[in-house]
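Structure, as structure tokens:
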Amino acid sequence: MEETKRSRDFIREIIDSDLASGKHKEIVTRFPPEPNGYLHIGHAKSICTNFGIAKEFNGKCNLRFDDTNPVKEETEFVEAIKEDVEWLGFKWNSLRFASDYFDRMYSFAEQLINMGFAYVCDLSPEDTRTYRGSLTKHGKNSPYRNRSVEENLDLLRRMKNGEFPEGSRTLRAKIDMASPTMSLRDPAMYRILHRSHHRTGDKWCIYPMYDFAHCLEDSIEEITHSLCTLEFEVNRPLYNWYLEILNIFRSRQIEFARLNLSYTVMSKRLLRKLVEESLVNGWDDPRMPTLSGLRRRGVPPVAIRNFCSTIGLAKRNSIVDIALLEHCIREELNKTAPRVMSVLNPVKLVIENYPEDKTEYFDYVVNPEDESAGTRPTPFTRELYIEKDDFMEDPPKKFFRMGPGREVRLRYAYLVTCTGVIKDEEGNITEIRCTYDPETTGGNAPGGRRVKGTLHWVSAAHSSPVEVRLYDRLFNKENPMDTEEGVDFTSSLNPDSLCTIANCMVENHMKDKEPGFICQFERKGYFCIDPDSSSEKMVFNRTITLRDSWAKMKAKKKQ
RNA sequence: UGGGGCGUCGUCAAAUGGCAAGACACAGGGUUUUGGUCCCUGCAUUUGGAGGUUCGAAUCCUCCCGCCCCAGCCA
């Protein structure tokens with residue numbers, strides 16, 4: 001079982017009791033994205049909830065595109081969304097489109113007219129707003145509210161056929177202009193849109209509004225529990241009104257709090273702005289909270305699923321600490337990612353007493369957390385690369401790495417002692433010199449000798465330069481939206497969220513790996529091969545660093 | 001100031017009248033050929049506030065305070 005067991009949330013409790021009471025024999029849910037953008041991790045919460053619940057209760061979950069607004073929707077997004085849902089690890093029972101129900105919705109509208117519950121209104125958008133009143137003031141009835149059934153039917157038909165310009169008329173539900181619930185003040189059911197739709201083409205000149213359409217979609221599919229986010233709570237009376245008046249299958253709408261994550265933004269509008277203003281490199285930029293971004297970053301879908309089950313389901317607005325997501329990513333990758341040695345910031349290390357023409361192969365543990373991953377041979381020669389950071393000319397006491405005269409372990413190879421450095425004219429270290437102890441094969445310290453530091457390394461002759469993109473949180477601020485008057489959320493963009501470094505050295509056997517391959521660079525973090533890689537130049541994305549208590553200690557001292 | 005929701009640890013989140021779970025974060029310690037992982041310890045005498053009911057209240061009642069959503073022919 002990958003997902004951690006947790007106590008039952010309020011939605012599962014409702015379902016438990018609906019099953020126990022016999023209200024439903026089978027649970028049917030749906031994930032209903034509008035195909036007008038890319039899915040993000042907030043959607044993942046909804047996907048995991050809807051598909052997860054269906055699975056747990058042996059029910060069904062449909063993937064349904066809520067494509068009722070041709071102005072904003074495109075086929076491109078349909079395909080991207082399907083890919084993301086599958087990647088996250090879910091299978092839909094049935095693939096649906098709201099547009100498949102347009103004919104049925106139209107006849108429901110006619111039915112409402114016949115029942116005296118709907119009318120065609122000629123008020124302009126501005127007048128409609130005025131007539132609606134305000135939060136504290138009642139609305140007034142539209143002068144068109146009492147047209148005859150015949151006239152309404154005729155007008156609606158002509159609206160559908162494109163006889164009237166956009167904005168000139170709407171079909172409205174006749175409910176109560178004095179209702180304290182705004183959504184009940186004669187809400188629009190259809191608006192005129194002379195737009196061609198990505199699936200129905202030019203068949204329709206009118207398109208249904210969300211409130212009218214969504215409950216019908218749910219009812220048609222016999223969705224038992226229609227799960228949505230909190231902002232739809234005020235629409236629920238209307239949702240129920242349509243189903244009751246029409247006397248069709250009663251889906252039950254239940255609202256839960258949407259996911260907010262610290263140090264990022266989650267609204268489609270803001271993410272779009274980042275893309276359009278080139279503040280990131282597209283929707284799948286690995287810094288984006290989009291599923292395509294996370295995928296490219298190297299985040300495994302199971303980490304996202306575990307995250308979603310850890311954060312819980314409730315009705316209170318909250319901002320989840322991104323550290324929790326990071327934890328879930330590390331937790332999964334630690335168990336599964338093969339280890340490799342890569343030197344991000346290389347400096348040459350020459351072993352003075354090691355033969356020039358010798359190559360030894362040491363057993364390298366592929367994943368200490370997974371014995372079945374086994375070992376592989378890794379080549380060792382006289383000239384190696386190590387991290388510049390792993391050497392200090394004048395190291396402090398707690399620095400366990402290399403310094404003049406100090407002995408350290410080269411992982412799985414030998415213990416070496418630094419004998420000196422070579423510098424260029426400007427005083428930069430160009431080479432570190434050392435000697436090795438032949439008695440320490442495999443890095444084993446004989447007789448109780450204490451060697452605290454272990455360094456990773458690559459053989460100069462068996463490694464190649466690659467590009468590495470180091471990613472960090474997109475924003476510096478916990479809540480980027482919490483800005484002063486007139487200050488844009490982009491002001492807290494983290495300038496160091498992407499740091500590209502060239503000429504990192506990785507072991508040559510990595511050349512066989514495909515984009516998407518995820519591994520751990522020992523002591524550095526988890527990395528994944530980017531699709532930008534070519535046979536000449538590999539590109540790696542850093543998914544996430546390892547936890548680093550040394551860096552933490554250094555940072556604390558600085559303060 | 002109409003209506004609908006929500007307030008439990010720094011962040012999520014359980015507890016459904018009977019001893020305030022757990023996770024993350026944080027702090028300290030141990031193990032370690034990754035300063036990783038793992039292990040141990042600590043971290044809410046108190047649930048937005050004030051009253052009340054009760055042997056007993058986060059939970060029930062009353063009043064108050066704070067935050068979110070609704071005035072698209074968006075979803």
Side-chain angles (χ1 to χ4, degrees), chain A residues 4-9 13 32-34 36 66 68-69 71-72 121 123-125 128-130 132-139 166-172 178-185 187-193 206-207 209-211 213-214 228-237 255 257 259 262 268 310-328 330-331 334-335 339 341 365 368-369 398-401 409-413 415 442-445 451-456 478 520-525 545-554:
Chain A
T4 14
K5 281 266 189 300
R6 54 185 315 283
S7 55
R8 283 179 114 46
D9 53 76
E13 280 177 358
E34 184 187 13
N36 70 342
D66 207 0
T68 57
N69 186 354
V71 177
K72 305 201 293 188
C121 179
L123 249 25
S124 68
T128 305
R129 196 180 324 125
T130 313
R132 187 156 33 228
S134 74
L135 295 180
T136 48
K137 251 186 1 220
H138 287 179
E166 288 187 11
S168 61
R169 284 172 225 263
T170 53
L171 180 72
R172 294 226 255 164
S179 173
T181 302
M182 296 301 286
S183 66
L184 259 20
R185 319 245 261 228
M189 294 165 58
Y190 273 102
R191 75 287 215 184
I192 299 171
L193 249 24
I206 56 172
Y207 291 92
M209 300 291 294
Y210 170 85
D211 286 305
H214 202 90
C228 64
T229 47
L230 248 31
E231 67 270 24
F232 292 102
E233 206 151 24
V234 291
N235 301 50
R236 194 172 63 223
E255 312 84 12
L259 169 66
S262 61
K268 270 186 206 171
T310 305
I311 57 175
L313 247 200
K315 293 195 69 153
R316 98 181 65 129
N317 288 314
S318 60
I319 301 179
V320 176
D321 191 343
I322 199 167
L324 183 54
L325 206 216
E326 294 171 343
H327 164 79
C328 291
R330 290 192 181 102
E331 183 182 47
N334 177 52
K335 286 190 292 194
R339 317 280 129 128
M341 293 202 283
V365 177
E369 306 301 316
K398 290 258 175 118
F399 187 80
F400 304 143
R401 309 173 189 179
R409 171 183 297 109
L410 294 178
R411 190 150 159 90
Y412 300 129
L415 300 185
N444 296 304
V451 180
K452 190 92 173 141
T454 299
L455 309 189
H456 62 283
E478 203 169 308
Q520 182 193 112
F521 288 176
E522 289 214 50
R523 302 209 299 138
K524 287 293 163 190
T545 61
L546 256 30
R547 281 177 60 199
D548 187 349
S549 53
W550 168 244
K552 213 182 257 179
M553 202 166 103
K554 274 195 302 187

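Order of the sequence lines sets the chain letters (A, B, ...), proteins ahead of strands, with each chain counted from 1.
At a cut-off of 3.5 angstrom, counting only N and O atoms as typed in the model, there is no donor on one side facing an acceptor on the other between the side-chain of A/R523 and the base of B/G35.
Put simply, CG on A/L259 is 16 Å from P on B/U11, counting in whole angstrom units. Taking atom CD of residue A/Q520 and atom P of nucleotide B/G35, one finds them 10 Å apart after rounding to whole Å. One can place NZ of A/K315 at 16 Å from P of B/U8, the figure rounded to the nearest angstrom. When rounded to the nearest whole Å, the span between CD of A/E522 and C1' of B/G36 equals 9 Å. Taking atom NE2 of residue A/H456 and atom P of nucleotide B/U37, one finds them 17 Å apart after rounding to whole Å. At whole-Å resolution of the value, CH2 in A/W550 and P in B/U34 are 17 Å apart. In this structure, A/I311 places its CD1 atom 12 Å from C1' of B/U11, rounding to the nearest Å. In this structure, A/F521 atom CZ and B/G35 atom P are separated by 17 Å, rounded to whole Å.
Using N1 to N3 plus N6-O4 or O6-N4 for Watson-Crick, or N1-O2 and O6-N3 for G-U wobble, each under 3.5 Å, B/U34 pairs with nothing. Searching all strands for a Watson-Crick or G-U wobble partner of B/A20 with both distances below 3.5 Å returns nothing. Under the Watson-Crick and G-U wobble criteria, each requiring two contacts below 3.5 Å, nucleotide B/A58 is left unpaired. Across all strands shown, B/U47 has no partner, as no Watson-Crick or G-U wobble contact with both distances under 3.5 Å is found. Under the Watson-Crick or G-U wobble criterion, with both distances below 3.5 Å, B/G42 is paired with B/C26. Summarising the base pairing, B/C6 is matched to B/G66 through a Watson-Crick or G-U wobble pair whose two defining distances lie under 3.5 Å.
Between the P atoms of B/A25 and B/A15, the separation comes to 24 Å (whole Å). Between B/G17 and B/C61, the two P atoms lie 12 Å apart (nearest whole Å). Rounded to whole Å, the separation between the C1' atoms of B/A44 and B/G5 comes to 26 Å. Taking atom C1' on both B/G22 and B/A14, the two are 7 Å apart, rounded to the nearest angstrom. Between B/U46 and B/A20, the two C1' atoms lie 7 Å apart (nearest whole Å). Look at the P atom in both B/U8 and B/U45: the space between them is 15 Å, to the nearest Å. Between B/G48 and B/G7, the distance separating the two P atoms is 9 Å to the nearest Å. Rounded to whole Å, the separation between the C1' atoms of B/C26 and B/G66 comes to 27 Å.
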Kindly determine whether A/D321 and A/E326 satisfy side-chain contact (heavy atoms from CB on, under 4.5 Å), including the steps that lead there.
CA-CA 9 Å; A/D321 191 343; A/E326 294 171 343; over 6 Å; no
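For the pair A/R409 (side chain) and A/G443 (backbone), a donor-acceptor distance under 3.5 Å is present. Judged by distance alone, the side chain of A/S183 and the main-chain N or O of A/V234 form a donor-acceptor pair under 3.5 Å. Remark: side-chain polar atoms of A/S179 are paired, donor with acceptor, to backbone N or O of A/T181 under 3.5 angstrom. Judged by distance alone, with hydrogens and angles left aside, the side-chain atoms of A/T68 form no donor-acceptor pair with the main-chain N or O of A/M209 at under 3.5 Å. A donor-acceptor distance shorter than 3.5 angstrom exists from the side chain of A/S134 to the backbone of A/T136, with no hydrogens or angles considered.
Between A/S318 and A/A551, the residue whose closest nucleotide on RNA chain B is further toward the 5' end is A/S318. With RNA chain B read from its 5' end, the first of the two nearest nucleotides for A/P368 and A/R236 is the one closest to A/R236.
OP1 or OP2 of B/U8 sits under 4.0 Å from a side-chain N or O of A/R316. Using a 4.0 Å cut-off, no side-chain N or O of A/K554 falls inside it from OP1 or OP2 of B/G35.
Using a 4.0 Å heavy-atom criterion, one finds that A/N36 contacts no nucleic acid atom at all. Note on A/E326: nothing from the nucleic acid sits closer than 4.0 angstrom, heavy atoms only. At the heavy-atom level, A/K552 lies under 4.0 Å from the strands shown only through sugar-phosphate atoms. Residue contacts for A/R411: at a heavy-atom cut-off of 4.0 Å it reaches a base atom on one of the strands shown. A/E233 comes within contact range of the sugar-phosphate backbone alone, with a heavy-atom separation under 4.0 Å but no base atom that close.
Residue A/R132 is tested with A/R185, A/K137, A/H138 for a side-chain contact (heavy atoms from CB on, under 4.5 Å); the sole match is A/R185. Of the candidates A/Q520, A/R547, A/K335, A/R330 forms a side-chain contact (heavy atoms from CB on, under 4.5 Å) with just one, namely A/R547.
Regarding the sugar-base torsion, B/G72 falls in the syn class, its angle being within 90° of 0.
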What nitrogen or oxygen pairs link the protein and nucleotides 22-24 of chain B at under 3.5 Å?
none

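Under the 4.5 Å side-chain criterion, counting only non-hydrogen atoms from C-beta, A/E166 is in contact with A/L193. Side-chain contact between A/K524 and A/H456 is present, with at least one heavy-atom pair separated by less than 4.5 Å.
In this structure, A/N334 CG and A/R339 CZ are separated by 5.0 Å, a value rounded to the nearest 0.5 Å. Atom CZ of A/R191 is separated from atom OG1 of A/T170 by 11.0 Å, given to the nearest 0.5 angstrom.
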Going 5' to 3' through nucleotides 68-75 of chain B and flagging B where a protein heavy-atom sits under 4.0 Å of the base, S where only the sugar-phosphate is that close, and - otherwise, we get SBBBSBBB
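Among the nucleotides B/G36, B/C12, B/G35, the one closest to the side chain of A/I319 is B/C12.
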